[in-house]
Student: 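My questions all concern the structure below.
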Amino acid sequence: MGKKGRGRQRRAAGAPTAAWAGPEAGASPAEVVSGAVDALVSGGEGGGVDLAAARLADTEDRGWADAAGRALLAALLDAVASVWTRGWQPAETVRQVDRVLGPVAAAVCADAVTADLERHSPATVDPRWAEQVRGFGVKASWGRGEGYPAHVGAEHGLLRFEAVDAVLRVLAALRVLPPLRRLCPPPGAYRPGRPGAARRPERVDAGKLARVRALLAKAESTEFPQEAEALSARAQEMMARHSIDRALLAEGPGESEAASGRRLPVDAPYDEHKAVLLHEVAEANHCRAVWHQELGLCTVMGFPGDVEAVDLMFTSLLVQAETAMRASGSVRDRSGRAAGKAFRASFMSAFSVRVGERLVETARAAERAAQAETGTDLVPVFAAREREVEAAVAEAFGELTYSRVRGPYSEDGWVEGRAAADAASLGSRRHLP
């Protein structure tokens, strides 16, 4: 998402064939799986894919049925391993399958991701990766591969044919995922404390983040705009001051830190306006955001503590914005019509721009206060850090394109959105009693 002006966004760059006739006589289960996936990927699906699914679902020959189950699970494990080489992580992979194919397919994908993790020693798995997989709450309870189609059918109330068809479609969806920037080492590649590393990871104060989370959770749950304003303002001040402390610490000898990235989901509807909101939050916290529109993702690049702050604040502001939009959307506009899509889009657009203004005001006020307190000129400190972030963005994405967000169509929605942004204002430096 672009940093040169509001409402501009940076995007990462992202033929049907004849229908497949179906599996050849004598083809092995692995060959049937491969042919069906090829047909789905090429857009030539039809009766051939159905024939393949029926063949793989056949249980008359126990030996064939067991081999088909093993072939399907092996293909899934190979598919997720291939996805990891293209930079994808567990949570975003399952989410993308859900976006394309729905919850049953997402559950199938989560099965495969969990089974893949179990193939690796815990010492070679990045804790962030393991945490994402644990979040699925999945156990590889189907035993050996031959029992996998029956497991899928039992879990989701599907016939064996339907379970096989679901697995084939997940395989096709995984096959076409585009490459992404690798932000986390895949299972088997993680080496804690690797000797010779030139840069150390930035330490994030878990206690301070817990206090920020608590403040934002209260801001999301309160029914009183002034209380939400004070809580959100205090949270942003805490994050800004924490960022200042880390920046000053990094100025010491041997304390060099490295910029890194995290991908955050940006879901429809009004995804372009939500992407602008994320851009504004990132800019206020010395980060940069790049929008992958087709994937519904934004990559936030910055120093780890700042990226964590962006994630927390963006998530909270989305909740606050959507709550306020529902309340405002229940009223009628000046012509007496019920507020519709144009109202809601304009509301989210105005909210995003206005919150960005308030975030910057609050963050910069905290920096001025810290500069007066410490006697340290923070301008060159943050300028150096932002140059490192820009270098990380350039190295990760190269040339980026910009696009403009569509302007507001509803004056009432724009006015209500700015009012809601002021209610969630982060510009005030008011402290809670």
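By convention here, the first residue in the shown sequence is residue 1. Because only heavy atoms are used, hydrogens play no part in the values below, and waters and symmetry mates are left out as well, while side chains stay in.
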Student: With respect to Asp126, which candidate in Pro186, Pro187, Pro192, Pro185 satisfies the side chain to side chain contact (heavy atoms under 4.5 Å, CB included) definition?
Tutor: Pro185
Student: Under a 3.5 Å distance rule, please check whether Arg86 uses its side chain to pair with a backbone N or O of Leu177 as donor and acceptor.
Tutor: yes
Student: Can a salt bridge be assigned to the pair Arg175 and Asp38 using a cut-off of 4.0 Å between side-chain N and carboxylate O?
Tutor: yes
Student: Here's one to test your reading of the geometry: is the NZ or CZ of Arg182 within 45 degrees of the ring axis of Trp88 and under 6.0 Å from its centre?
Tutor: no
Student: How about Ser316 and Gln320: does a side-chain donor come under 3.5 Å of a side-chain acceptor?
Tutor: yes
Student: Of all residues at least two apart in sequence or in a different chain, which pass the ring pair (Phe, Tyr, Trp, His ring centres under 6.0 Å) check with Tyr148?
Tutor: Trp142, His151
Student: Would you mind reporting whether Trp20 and Leu40 have side-chain heavy atoms less than 4.5 Å apart?
Tutor: no
Student: Let me know which of Val164, Leu72, Val167 forms a side chain to side chain contact (heavy atoms under 4.5 Å, CB included) with Val33.
Tutor: Leu72
Student: When you measure from the side chain of Arg385 to the backbone N and O of Ala259, does any donor-acceptor pair fall under 3.5 Å?
Tutor: no
Student: Do other residues, nucleotides or ligands put more than 12 heavy atoms under 6.0 Å from Glu131 CD?
Tutor: no
Student: Do the side chains of Arg95 and Asp267 get close enough for a salt bridge, i.e. N-O under 4.0 angstrom?
Tutor: yes
Student: Between the side chains of Trp291 and Asp271, does any donor sit under 3.5 Å from an acceptor?
Tutor: no
